[in-house]
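Here is the structure we will look at, set down as structure tokens.
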Amino acid sequence: MKKIVIVLSLAMVVAFVSCKENASSKVNAANVEVAAERDVASKQLPVMTFEKSEHDFGTIEAGTPQETIFKFTNTGVAPLIITDAKSSCGCTVPDYPKNVPVAPGETGELKVRFNGSGQNQVTKTITVTANTEKGSELLRIKAFVNPKGETASIPLKKS
């Protein structure tokens, strides 16, 4: 029992003595400056600003291909890189500048093709993945799809 008390006492003395050093004296000033510069640089991100985030094709006939262009500008302070663009279904195909840097102030285009499938009101989304702060942008297309050969338009609301 005495041995256990002596060993624990010695362990506590060693622990207290080893913690007496001033931790701030171990900080390298050069490393602090490098870290501060890195933090400032990490806040300089591109910003993807679209002219429009939604496009309405109006009333279309089923199976009629449609196409629109979403124009964007890099309003940030670093090069913008789009790494991916995916649609919510296979009937909508985005075409974008793949891994091509868009410099600050420059513009680009993202073309979206829709094959006209579906019935009645159809809404599809396109998720654009880029090196922005948010990491992704959401675009939307919509149309009212009539069956082939039908000339009816969007039903009117009854009052």
Side-chain angles (χ1 to χ4, degrees), residues 18-19 21-158:
S18 66
C19 292
E21 292 182 38
N22 186 0
S24 61
S25 66
K26 295 180 180 181
V27 175
N28 185 345
N31 290 343
V32 172
E33 290 176 20
V34 169
E37 290 173 12
R38 182 191 63 227
D39 290 346
V40 169
S42 70
K43 292 178 184 170
Q44 296 179 351
L45 296 170
V47 177
M48 192 174 209
T49 305
F50 284 93
E51 287 182 0
K52 62 181 180 179
S53 62
E54 184 174 298
H55 181 79
D56 188 351
F57 290 113
T59 302
I60 63 171
E61 185 176 306
T64 307
Q66 303 293 316
E67 185 176 287
T68 188
I69 293 177
F70 289 95
K71 293 183 180 182
F72 63 89
T73 303
N74 178 1
T75 57
V77 293
L80 171 70
I81 300 173
I82 299 174
T83 56
D84 196 14
K86 291 184 180 178
S87 66
S88 57
C89 80
C91 63
T92 307
V93 180
D95 183 22
Y96 61 97
K98 298 171 180 77
N99 297 314
V100 177
V102 178
E106 288 187 4
T107 60
E109 294 182 346
L110 187 136
K111 184 191 297 185
V112 176
R113 292 186 300 275
F114 171 57
N115 70 4
S117 67
Q119 271 187 322
N120 298 324
Q121 186 65 42
V122 176
T123 302
K124 307 295 178 186
T125 57
I126 298 92
T127 304
V128 181
T129 306
N131 62 333
T132 60
E133 184 176 5
K134 290 193 307 185
S136 66
E137 303 290 330
L138 197 63
L139 303 173
R140 187 171 287 119
I141 61 168
K142 60 184 183 176
F144 189 87
V145 182
N146 283 327
K148 277 194 174 205
E150 192 174 306
T151 56
S153 60
I154 300 173
L156 298 174
K157 293 181 182 177
K158 293 183 179 180

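Given the structure is predicted, the values throughout are model-derived calculations rather than measurements.
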Distance in Å, [X] [atom1] paired with [Y] [atom2], rounded so as to fall on 0.5 Å steps:
| X | Y | atom1 | atom2 | answer |
| --- | --- | --- | --- | --- |
| Ile141 | His55 | CD1 | NE2 | 8.0 Å |
| Asn146 | Thr64 | CG | OG1 | 10.0 Å |
| Leu110 | Ile126 | CG | CD1 | 7.5 Å |
| Phe50 | Glu137 | CZ | CD | 6.0 Å |
| Met48 | Ser136 | CE | OG | 10.5 Å |
| Phe114 | Cys89 | CZ | SG | 7.0 Å |

Note, [X] side chain near [Y] side chain (heavy atom, < 4.5 Å):
| X | Y | result |
| --- | --- | --- |
| Phe144 | Val122 | no |
| Arg113 | Val93 | yes |
| Val128 | Phe72 | no |
| Pro46 | Asn131 | yes |
| Asn120 | Val145 | no |

Please list, chain by chain and in numerical order, all residues satisfying side-chain hydrogen bond (donor to acceptor under 3.5 Å, both in side chains) with Gln66, sequence neighbours excluded.
-> none
side-chain hydrogen bond (donor to acceptor under 3.5 Å, both in side chains) against Glu54, all qualifying residues, sequence neighbours excluded | Lys142
Tell me the closest heavy-atom pair linking [X] and [Y], and the distance in Å.
| X | Y | result |
| --- | --- | --- |
| Pro94 | Ala85 | CG-O, 3.4 Å |
| Leu80 | Asn74 | N-ND2, 3.3 Å |
| Cys91 | Lys124 | SG-CE, 3.5 Å |
| Glu109 | Lys71 | OE2-CE, 3.4 Å |

Distance under 6.0 Å and angle within 45° of ring axis: Lys111 vs Tyr96 = no
For Thr83 and Lys98, test the side chains for any donor-to-acceptor distance below 3.5 angstrom and give the result as yes or no.
-> no
Is there a donor in the side chain of Thr75 and an acceptor in the side chain of Thr49, or the other way round, less than 3.5 Å apart?
-> yes
Would you list the pairs meeting salt bridge (Lys or Arg N to Asp or Glu O under 4.0 Å) in which at least one residue belongs to residues 80-91, sequence neighbours left out?
-> Asp84-Lys86
Count the heavy atoms belonging to other residues, nucleotides or ligands that lie under 6.0 Å from NZ of Lys52, then report whether that count exceeds 12.
-> yes
Test side chain to side chain contact (heavy atoms under 4.5 Å, CB included) on Thr123 and Arg140 and set out the steps.
-> CA-CA 7 Å; Thr123 302; Arg140 187 171 287 119; 3.5 Å; yes
Does Ser88 reach the main-chain N or O of Thr125 with its side chain, forming a donor-acceptor pair under 3.5 Å?
-> yes
